[in-house]
Amino acid sequence: MGQPNERNAHPHMSGRVAVVHNGIIENFSELKRELVARGHAFESDTDTEAVVHLITDYLGQGLTPEAAVLAQSSAAAPGRCSHWR
C-alpha cells in the first residue's frame with residue numbers, strides 16, 4: 001500500500017509505538033476509517049500505519065503493551081474489524 005517514498009517509509013510511529021511490518025493488512029481500509037473516526041491522524045498511505053494506531057488505541061484503553069499487540073494481531077486480519085468494545 002502506498003508509493004515507495006519517504007512519507008511511507010518504515011518505521012511508522014504514534015506516541016510510544018513504532019512498527020516495521022512486511023506483509024498486507026487485508027482490512028486496512030476499514031481499520032483506517034474506524035481509527036480516523038476515533039481521532040487518529042494518519043501521516044502515510046500504508047497499511048502498516050493502521051497497526052501503529054490500532055496498538056496505540058488499545059494502549060489508550062488501558063491494555064498492557066503485550067495485550068495490545070495480541071489484540072491488534074486478531075483485529076488486523078481478513079474479515080475482522082469488530083475489535084472495539
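Since this is a predicted model, take the numbers as computed values, not measurements. Residues: numbered from 1 along the sequence shown.
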Closest non-hydrogen atom pair between [X] and [Y], with its separation:
X     : Y     : value
Gly23 : Asp47 : O-OD2, 3.7 Å
Arg16 : Pro65 : NH2-CG, 4.4 Å
Leu35 : Ala50 : CD1-O, 3.6 Å
Val17 : Val19 : CG1-CG2, 4.1 Å

Roughly how far, to the nearest 0.5 Å, is the [atom2] atom of [Y] from the [atom1] atom of [X]?
X     : Y     : atom1 : atom2 : value
Thr64 : Tyr58 : OG1   : OH    : 13.0 Å
Glu49 : Leu31 : CD    : CG    : 12.5 Å
Glu34 : Asp57 : CD    : CG    : 10.0 Å

Review point. In this structure, which one of Lys32, Arg38, Arg33 forms a side chain to side chain contact (heavy atoms under 4.5 Å, CB included) with Val36?
Key: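 That would be Lys32; it is the only one of Lys32, Arg38, Arg33 passing the side chain to side chain contact (heavy atoms under 4.5 Å, CB included) with Val36.
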Practice item. Please lay out, stage by stage, how Thr48 and Ile25 fare under the test side-chain contact (heavy atoms from CB on, under 4.5 Å). Key: CA-CA 7 Å; Thr48 300; Ile25 306 300; 5.8 Å; no
Check your understanding: What residues, two or more places apart in sequence or in another chain, satisfy side chain to side chain contact (heavy atoms under 4.5 Å, CB included) together with Val69?
Key -> Ile55, Gln72
Exercise for review: Describe, in one word, how the ring planes of His53 and Phe42 are oriented to each other, choosing from parallel (under 30°), tilted (30 to 60°) and perpendicular (over 60°).
Suggested key: tilted
Review point. Step by step, would you call Leu54 with Val52 a side-chain contact (heavy atoms from CB on, under 4.5 Å)?
Key: CA-CA 5 Å; Leu54 191 55; Val52 172; over 6 Å; no
